2 protein chains.
Amino acid sequence: MLITQKNQYALRAVYELARHRGRGLLKSADIAHAQAIPRRFVEVILSQLTRSGYVTSKRGQGGGYALVPPPDGLTVADILHSMNGSRRPFHCIACVSRCRCDFDDGCAFSPMWARIGQAIDDIYRETTLLDLMENETDLASPEAESAGGQGAAREDMSR
Amino acid sequence: MLITQKNQYALRAVYELARHRGRGLLKSADIAHAQAIPRRFVEVILSQLTRSGYVTSKRGQGGGYALVPPPDGLTVADILHSMNGSRRPFHCIACVSRCRCDFDDGCAFSPMWARIGQAIDDIYRETTLLDLMENETDLASPEAESAGGQGAAREDMSR
DNA sequence: CCTTTCTTGACTATGAGAGTCGGGAATTGT
DNA sequence: ACAATTCCCGACTCTCATAGTCAAGAAAGG
């Protein structure tokens, strides 16, 4: 698998918050419903995101969650990193989960794994929440056909 | 995880066969030993590879396995596809293993997943066994420092 | 205080992946 | 023939990360 279900839920949840930004708080139940995520599970995920600082929360009646940074200042990479601790979405790259590469440095494959890891990370890093929202806009209006420039690399990463 | 342990073993086993090409048959036990793969497990993998046609086998004394295509005519993609049936290493891309995307076509994320899938597949397709063997050569002779051109895309894919 | 809603940690379940095992079928040598 | 070797095959077990649940509690507001 390329990415865990949980991480995907996290992306969807943040995406839902991004769409709702500026219109008050969003309850976990609503997020769960909108993005087809199990209710109790989305709470686990959201509280994890809250701890990262990208999301704020408020308890009690009228409470809920909100996205902190503007959608164009938040990347997919940011979210995935915050979900997976300091280790990247694919730590060793070559050696899968229980990383224990018997040929680590000298492995003939490691340049390839490195290239792949880099390629994935580049895409994660250059994809902002705003980009994703624009995808949806494109989907809604099916007349725009020029799909050539989809998600072109942007230079001004603020980090 | 990016790739299963089994698929990695398959790559390593084929790599070992590539290194030995032209020098007769290689026993499964030797492959297992050289690449630190459990003995019985490498047999499972090799017989799967044999069925794909990239590897031939011969039983009995003096038997073993050999790689059929020349190392420069066999890509990582070929091997992975033969291991994973017709479906690609990451079928749905977005939806992980038990693919069941609730938002399939209209998903705001699908362009990103497609880009990532494409990027990975490109690398798998352009990396031949010969490329991997040359990596090892580079590792063995540490004076060559120009790492810039590593794995440059090659045009003449014979497919 | 009563309802709502987030918070937390512990808990259980599931399934893909990893690896094993026993016995059988070629092939070769003596 | 017989024995040694080596691949072949299907069924089997085991483990562990992931997925998802649950119960009780703490803030917030009315």
Side-chain angles (χ1 to χ4, degrees), chain A residues 1-10 12-13 17 24-33 35-52 55-67 80 83-85 87 89-92 95-100 102, chain B residues 1-13 17 24-33 35-52 55-66 80 83-85 87 89-92 95-100 102:
Chain A
M1 56 173 72
L2 191 53
I3 186 176
T4 64
Q5 187 78 357
K6 186 179 181 183
N7 280 1
Q8 251 194 102
Y9 285 159
R12 287 192 195 281
L17 287 172
L25 300 175
L26 205 51
K27 288 185 292 188
S28 65
D30 291 337
I31 298 171
H33 181 259
Q35 293 290 334
I37 305 171
R39 288 216 181 166
R40 306 305 283 271
F41 201 33
V42 82
E43 293 188 356
V44 174
I45 292 162
L46 282 166
S47 80
Q48 214 169 326
L49 288 166
T50 302
R51 257 170 270 148
S52 78
V55 172
T56 45
S57 62
K58 198 178 166 197
R59 296 196 243 202
Q61 233 166 14
Y65 297 89
L67 188 66
L80 293 180
M83 290 298 293
N84 301 323
R87 72 182 195 285
F90 28 79
H91 10 145
C92 172
C95 305
V96 203
S97 42
R98 84 288 290 293
C99 176
R100 161 92 186 79
D102 293 302
Chain B
M1 58 174 71
L2 191 54
I3 185 176
T4 64
Q5 187 79 355
K6 186 179 181 183
N7 280 1
Q8 252 194 101
Y9 285 160
L11 291 178
R12 286 193 195 281
L17 287 172
L25 299 176
L26 206 51
K27 287 185 292 186
S28 65
D30 292 338
I31 298 171
H33 180 259
Q35 293 291 332
I37 306 171
R39 291 215 178 165
R40 302 308 281 273
F41 202 32
V42 83
E43 293 188 357
V44 174
I45 292 163
L46 283 166
S47 79
Q48 215 169 325
L49 288 167
T50 302
R51 259 170 269 148
S52 78
V55 172
T56 44
S57 62
K58 197 179 165 197
R59 296 197 241 202
Q61 231 166 14
Y65 298 90
L80 293 180
M83 289 299 292
N84 302 324
R87 70 184 197 284
F90 27 79
H91 10 143
C92 171
C95 303
V96 203
S97 41
R98 85 290 291 292
C99 176
R100 160 91 186 78
D102 294 301

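For the numbers below, each heavy atom of this structure counts, side chains included, while hydrogens, waters and symmetry mates do not. Each chain gets a letter, A, B and so on, in the order the sequences are listed, and its residues count up from 1. The model shown is predicted, which means the values in this text are computed figures rather than measured ones.
- Residues satisfying the side-chain hydrogen bond (donor to acceptor under 3.5 Å, both in side chains) test with A/Gln61, not counting sequence neighbours, are none.
- From B/Ile31, atom CD1 reaches atom CD1 of B/Ile37 across 7.5 Å, with rounding to the nearest 0.5 Å.
- Among the nucleotides C/dT27, D/dG20, D/dC8, the one closest to any side-chain atom of A/Phe41 is D/dG20.
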If you apply the rule side-chain contact (heavy atoms from CB on, under 4.5 Å), what do you find for B/Ile3 with B/Leu80, and how did you get there?
CA-CA 9 Å; B/Ile3 185 176; B/Leu80 293 180; 3.9 Å; yes

The contact string for nucleotides 9-14 of chain D, one letter per nucleotide 5' to 3', using protein heavy atoms under 4.0 Å with B, S and - for base, sugar-phosphate only and none, comes out as ------

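- We find the OG1-CD1 distance between B/Thr50 and B/Ile45 to be 11.5 Å, quoted to the nearest 0.5 Å.
- At D/dC8, one or more side-chain N or O atoms of B/Ser57 fall inside 4.0 Å of OP1 or OP2 (strictly under the cut-off).
- In this structure, CD on A/Gln48 lies 10.0 Å from CG on A/Leu46, to the nearest 0.5 angstrom.
- For DNA chain D, the neighbouring residues in residues 59-66 of chain A, judged by any heavy atom under 4.0 Å, are A/Arg59, A/Gly60, A/Gln61.
- When rounded to the nearest whole Å, the span between CG of A/Leu17 and C1' of C/dC6 equals 14 Å.
- Across the protein-nucleic acid pair, B/Leu46 atom CG and C/dG19 atom P stand 15 Å apart, rounded to whole Å.
- With values rounded to the nearest 0.5 angstrom, A/Met83 atom CE is found 12.0 Å from A/Gln8 atom CD.
- Counting only residues at least two apart or on different chains, the side-chain hydrogen bond (donor to acceptor under 3.5 Å, both in side chains) pairs with a member in residues 37-47 of chain B are B/Ser47-B/Arg51.
- In this structure, A/Arg39 places its CZ atom 18 Å from C1' of D/dA19, rounding to the nearest Å.
- Under 4.0 angstrom from either OP1 or OP2 of C/dG17 there lies no side-chain N or O belonging to B/Thr4.
- Across the protein-nucleic acid pair, A/Asn84 atom CG and D/dA17 atom P stand 14 Å apart, rounded to whole Å.
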Stepwise side-chain contact (heavy atoms from CB on, under 4.5 Å) check, A/Leu26 with A/Leu67
CA-CA 9 Å; A/Leu26 205 51; A/Leu67 188 66; over 6 Å; no

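- Residue A/Asn7 contributes atom CG, which lies 15 Å from atom C1' of D/dG20 at whole-angstrom precision.
- Rounded to whole Å, the distance from CD on A/Gln48 to P on C/dT7 is 12 Å.
- Atom pair A/Gln5:CD and D/dG20:C1' shows a separation of 11 Å (rounding to whole Å applied).
- How far CG of B/Asn7 is from CG of B/Asn84: 4.5 Å, rounded to the nearest 0.5 Å.
- In terms of phosphate contacts, A/Lys6 brings no side-chain nitrogen or oxygen within less than 4.0 Å of OP1 or OP2 of D/dT18.
- Nucleotide D/dC8 holds its P atom 11 Å from the CG atom of B/Leu49, rounded to whole Å.
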